[in-house]
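Letters A, B, ... mirror the listed sequences (proteins, then strands); counts begin at 1.
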Amino acid sequence: MKKQLRQAIKAALQECYDQGTLNSGVLPEEIQLEIPKNPDHGDFACNLAMTMAKVERKAPRKIAEALVAALQGNPLCEQIEIAGPGFINFRLAASCWYGVLDQVMQAGADFGCSRVGEGIRVQVEFVSANPTGPLHIGHGRGAVVGDAVAAVLQAAGFDVQREYYVNDAGNQVSILGRSILLRLRELQGEAIDFPEDGYQANYVRELAAKFRAEQGDLTDVPETAAIEHCTRFGVAEILEWISEDLRAFGISFDRWYSEKSLYDLKLVDKELAKLKERGLSFEHEGALWLKTTDFGDDKDRVLIKSDGSMTYFASDVAYHMEKFERGFDRVIDVWGADHHGYIPRMKAMLAGLGHPPEDLEVLLIQMVNLLRDGQPFVMGKRSGNFITLREVINEVGRDACRFFFLMRRCDSQLDFDLELAKQQNSDNPVYYVQYAHARVCSINRKATEEGIVQPVLGEVDHSKLKLVEELALAKQLARYEEMVVGAALNYEPHRVVFYLQELAAQFHSYYNRQRVLVDDPATTQARLYLVNCIRIVLANALQLLGVSAPEQM
RNA sequence: GCGCCAGUAGCUCAGUUGGAUAGAGCAACGGACUUCUAAUCCGUAGGCCGAGGGUUCGAAUCCUUCCUGGCGCGCCA
């Protein structure tokens, strides 16, 4: 719809030049059309006359007059007005808007999908929590946002892969291994002195007990090998928990990428060699550094420590180089906001290798403040005082939980009060939206009871839809695809949430004011058609968020 | 000290990438169930968009200086 109008304006502009009513000959790159807040200003407003005032050296209103003269008689438009400082306001014919109903019916579950991202390969890496303990609430937010970002990108036609990076190498997991081993010794009756930096939580004891039951006591095994055994066991077990938790949340990954495999396959060495070859790394005081300051970082960064061990950064560099070698055009990382200091060095690394830094997009997910009855929960993996994501999902439900996490822009902090989220049962916006869907289903059930046949595509008399709220609903549906594209290009799934709330509100209002099943069969058919289009769009949008669309509530 | 994010109604937040009179939801107040589901709807009230300065036809939005809150600034992961 917007495209057609834009095309018409472009043609009108050309006509003005041909006829000499406008002279600059400048063709703007993009003609901006926006949906005005105030419905009195029409369906679309165009600011072209104002932006052209400078090059054209004419008053905006004069330019607008010339354009409007050229646009007269266009069948798309019912009314064209010049308003305010020089806006051109378009009101489209109702028949244009009701055309989208047929598009919704025809496309069904695919309505809203587009091809703007066609042929572009995108990887979304998210969660990627260390496999040293169960997921907590902060991971949950990143998980849902990452999943929804991937979903809107897919809907916009991008070729998307979801990946989880498993930090199964390095210090943290070997601390886990040592912690398990110590608990194992404890089970064997040894008095142990549990270190400060060990994992104190109870699940480590459970892992030790399970290890003992399955693999025995490790009595004659040398310490380093024993720790390694425990590490592998612990990582595998915990990854199992994590993937179960994510499944419960409706999230699955195309690939789980092991950090350890980077080392096993010598990929880290290989990528570091490439950096050296390009003169991007240098030795200093026995360590190997990456010269990130040449590309906007404020310090150079260590890749190999003077004791010969690799930093985390080294494997991250190798991992991201490898991502691009796999052929992704764009790589999206979803991180906790506390890692934001890491972005400049990653972008610097890419720039050094000749990639435009924009190819890597880092989404920072701000903290979740977990509360219960207004009291803050102090979280810490090692202290053992935390609520797992699983417990939260069990307590407040998957739909409410996902919806809640997606309601805000990810770069603002989120207070999550468990009692509030549960208590909100009737006030929670997720039910409001789901209820709208269930209500349409209920109308359909009633229609079937009364022997009314569902309307068929192409056999509906749109002219029976005469009310302003019906037209407004059709316009809202027409906006859906563009909203999804915007959410995808900006990585902002919360737009889908706000759209859903608007559409549901419009529907509820309509429902309360008008009956769908009325005496006149043609009107009944037209209204059934309209509300079922609404149902389809509600379901499609909820699907993007990973929230269910119940038929009955 | 330097950097990142945020600051909009009493509370929680949107704000179409610079557009016209700044919007929702809670909370408050007043109404609507003999109807396809009241988990709903209708109405009232609520504002110095953190503060100052700048950019222009036009600023909550862009630039700048402050203020407040959160988070970072290791040869930790």
Side-chain angles (χ1 to χ4, degrees), chain A residues 32-38 40-41 45-47 49-51 53-54 59-60 83-87 89 130 132 167 169-173 175 197 284-289 298-299 301-313 315-316 336-344 364 366-367 369 407-415 417 420 424-436 438-447 449-450 452 479 482-483 486 489-490 494-495 497-498 501-502 504-505 507-518 524 527-528 531 552-553:
Chain A
Q32 288 180 40
L33 281 177
E34 58 155 28
I35 300 171
K37 275 175 260 182
N38 187 340
D40 291 342
H41 296 142
C46 181
N47 62 359
M50 277 130 80
T51 56
K54 241 177 204 164
F87 288 105
N89 294 338
N130 282 347
T132 51
N167 292 116
N171 237 329
Q172 289 305 313
V173 287
I175 291 174
D197 67 348
H284 177 65
E285 293 178 351
L288 184 72
W289 299 67
D298 54 356
K299 283 175 197 161
R301 306 293 171 177
V302 173
L303 291 166
I304 304 178
K305 298 182 236 172
S306 49
D307 68 3
S309 62
M310 300 277 184
T311 62
Y312 228 79
F313 183 50
S315 55
D316 275 350
D338 51 343
H339 290 85
H340 70 260
Y342 226 71
I343 296 175
L364 293 176
Q366 281 290 346
M367 285 183 39
N369 299 313
M407 274 177 62
R408 283 165 183 69
R409 279 200 352 247
C410 63
D411 49 12
S412 66
Q413 291 181 29
L414 171 65
D415 286 340
D417 192 314
L420 213 68
Q424 258 183 350
N425 270 348
S426 59
D427 283 335
N428 198 318
V430 67
Y431 297 107
Y432 181 84
V433 174
Q434 290 179 317
Y435 187 48
R439 266 183 152 172
V440 180
C441 294
S442 171
I443 296 172
N444 287 337
R445 281 191 295 272
K446 180 79 178 175
E449 262 174 46
E450 294 184 5
I452 299 168
R479 228 167 55 77
E482 193 187 350
M483 183 280 299
L489 297 180
N490 295 284
H494 75 276
R495 294 187 190 202
V497 175
F498 283 88
Q501 287 178 296
E502 275 173 41
F507 167 74
H508 283 309
S509 175
Y510 176 63
Y511 180 93
N512 270 272
R513 215 192 286 263
Q514 308 294 339
R515 287 187 64 81
V516 172
L517 308 176
V518 291
T524 297
R527 290 186 176 175
L528 260 179
V531 295
Q552 219 167 343
M553 287 175 76

Can you tell me how far [atom1] in [N] sits from the matching atom in [M], rounded to whole Å?
{"N": "B:U21", "M": "B:C33", "atom1": "P", "value": "39 Å"}
{"N": "B:U68", "M": "B:U8", "atom1": "C1'", "value": "15 Å"}
{"N": "B:U34", "M": "B:A14", "atom1": "C1'", "value": "40 Å"}
{"N": "B:G10", "M": "B:C2", "atom1": "C1'", "value": "37 Å"}
{"N": "B:G52", "M": "B:A59", "atom1": "C1'", "value": "15 Å"}
{"N": "B:G19", "M": "B:G58", "atom1": "C1'", "value": "7 Å"}
{"N": "B:C67", "M": "B:A51", "atom1": "P", "value": "15 Å"}
{"N": "B:A38", "M": "B:A45", "atom1": "C1'", "value": "24 Å"}

Euclidean distance, atom [atom1] of residue [X] to atom [atom2] of [N] [Å, nearest integer]:
{"X": "A:Arg439", "N": "B:U40", "atom1": "CZ", "atom2": "C1'", "result": "4 Å"}
{"X": "A:His508", "N": "B:A38", "atom1": "NE2", "atom2": "P", "result": "10 Å"}
{"X": "A:Asp338", "N": "B:C73", "atom1": "CG", "atom2": "P", "result": "9 Å"}
{"X": "A:Tyr511", "N": "B:A39", "atom1": "OH", "atom2": "P", "result": "10 Å"}
{"X": "A:Glu502", "N": "B:C13", "atom1": "CD", "atom2": "C1'", "result": "14 Å"}
{"X": "A:Ile304", "N": "B:C76", "atom1": "CD1", "atom2": "P", "result": "13 Å"}
{"X": "A:Tyr312", "N": "B:G72", "atom1": "OH", "atom2": "C1'", "result": "18 Å"}
{"X": "A:Gln172", "N": "B:C76", "atom1": "CD", "atom2": "C1'", "result": "8 Å"}

Inset, instruction - Using the six-membered ring wherever Trp is involved, compare the ring planes of A:Phe507 and A:Tyr511 and label them parallel, tilted or perpendicular (cut-offs 30° and 60°). - result: tilted
Protein-nucleic acid N or O pairs under 3.5 Å, nucleotides 42-49 of chain B:
residue: B:C42; atom: OP1; partner: A:Ser509; partner atom: OG; Å: 3.0

Inset, instruction - For A:His41 and B:A20, say yes or no: do the ring centres fall under 5.5 Å of each other while the ring planes differ by less than 30°? - result: yes
Legend entry - Aromatic ring of A:Tyr432 stacked on base six-ring of B:A39, 5.5 Å, 30°: no
Counting side-chain heavy atoms from CB outward, which of [options] is closest to [X]?
{"X": "A:Asn38", "options": "B:U21, B:U40, B:G19", "value": "B:U21"}
{"X": "A:Lys299", "options": "B:A39, B:G19, B:C73", "value": "B:C73"}
{"X": "A:Asn171", "options": "B:G19, B:C36, B:A77", "value": "B:A77"}

Legend entry - Dot-bracket summary - RNA chain B, pairs being Watson-Crick or G-U whose distances fall under 3.5 Å, with | when paired to another strand: (((((((..((((.....[...)))).(((((.......))))).....(((((..]....))))))))))))....
Contact class for [X] vs. all strands (heavy atom < 4.0 Å): base, sugar-phosphate, or nothing?
{"X": "A:Ala45", "answer": "base"}
{"X": "A:Ala83", "answer": "base"}
{"X": "A:Glu285", "answer": "base"}
{"X": "A:Met483", "answer": "nothing"}
{"X": "A:Ala438", "answer": "base"}
{"X": "A:Gln552", "answer": "base"}

Inset, instruction - Answer yes or no: is there a side-chain heavy-atom contact under 4.5 Å between A:Asp417 and A:Asn369? - result: no
Legend entry - Note, A:Met483 side chain near A:Glu502 side chain (heavy atom, < 4.5 Å): no
Could you go over nucleotides 31-35 of chain B and give all protein N or O partners under 3.5 Å, atom names and distances?
residue: B:U35; atom: O2'; partner: A:Arg515; partner atom: NH1; Å: 3.1

If you round to the nearest 0.5 Å, how far is [atom2] of [Y] from [atom1] of [X]?
{"X": "A:Lys446", "Y": "A:Leu517", "atom1": "NZ", "atom2": "CG", "answer": "8.0 Å"}
{"X": "A:Thr132", "Y": "A:Ile175", "atom1": "OG1", "atom2": "CD1", "answer": "9.0 Å"}
{"X": "A:Met407", "Y": "A:Leu414", "atom1": "CE", "atom2": "CG", "answer": "9.0 Å"}
{"X": "A:Met367", "Y": "A:Asp415", "atom1": "CE", "atom2": "CG", "answer": "9.5 Å"}

Inset, instruction - Using a strict 4.0 Å threshold on nitrogen-to-oxygen distance, state whether A:Asp411 and A:Arg409 make a salt bridge. - result: yes
Legend entry - Exceeds 12 heavy-atom contacts within 6.0 angstrom, atom CD of A:Glu482: no
On a heavy-atom basis, which atom in [X] and which in [Y] lie closest, and how many Å separate them?
{"X": "A:Glu285", "Y": "A:Ser306", "value": "O-CB, 3.8 Å"}
{"X": "A:Val173", "Y": "A:Asn167", "value": "CG1-O, 3.3 Å"}
{"X": "A:Lys305", "Y": "A:Met310", "value": "CE-O, 3.9 Å"}
{"X": "A:Leu364", "Y": "A:Gly336", "value": "CD2-O, 3.9 Å"}
{"X": "A:Val531", "Y": "A:Val440", "value": "O-CG1, 3.4 Å"}
{"X": "A:Gly86", "Y": "A:Met50", "value": "C-SD, 3.6 Å"}

Inset, instruction - On RNA chain B, check which nucleotide each of A:Val173 and A:Arg445 is closest to and give me the residue with the more 5' one. - result: A:Arg445
Inset, instruction - Could you say whether A:Gln501 or A:Trp289 is positioned toward the 5' end of RNA chain B, judged by the nucleotide with the nearest heavy atom to each? - result: A:Gln501
Legend entry - Chi-angle category of B:C62 [syn within 90° of 0, anti beyond]: anti
Legend entry - A:His339 side chain near B:C76 phosphate (N/O to OP1/OP2, under 4.0 Å): no
Legend entry - Distance below 4.0 Å between A:Tyr435 side-chain N/O and B:A39 OP1 or OP2: yes
Legend entry - Protein-to-nucleotide contact annotation, 5' to 3' order, nucleotides 1-7 of chain B [B base; S sugar-phosphate only; - none; under 4.0 Å, heavy atom]: --BBSS-
Legend entry - Sequence-aligned protein contact record of nucleotides 54-64 of chain B, with B where the base is within under 4.0 Å of a protein heavy atom and S where only the sugar-phosphate is: -----------
Legend entry - Under 3.5 Å donor-acceptor pair, A:Asn89 side-chain atoms to B:A20 base atoms: yes
Inset, instruction - Using atom types as modelled and distance alone, determine if a side-chain donor or acceptor of A:Thr311 lies under 3.5 Å from a backbone N or O of A:Ile304. - result: no
Inset, instruction - Ignoring hydrogens and angles, state whether a donor on the side chain of A:Tyr312 or A:Asn171 is under 3.5 Å from an acceptor on the partner side chain. - result: no
Legend entry - Residues which pass ring pair (Phe, Tyr, Trp, His ring centres under 6.0 Å) with A:His508, listed by chain and number, not counting sequence neighbours: A:Tyr432, A:Tyr435
Legend entry - Trace of the salt bridge (Lys or Arg N to Asp or Glu O under 4.0 Å) decision for A:Arg301 with A:Asp298: CA-CA 9 Å; A:Arg301 306 293 171 177; A:Asp298 54 356; 3.2 Å; yes
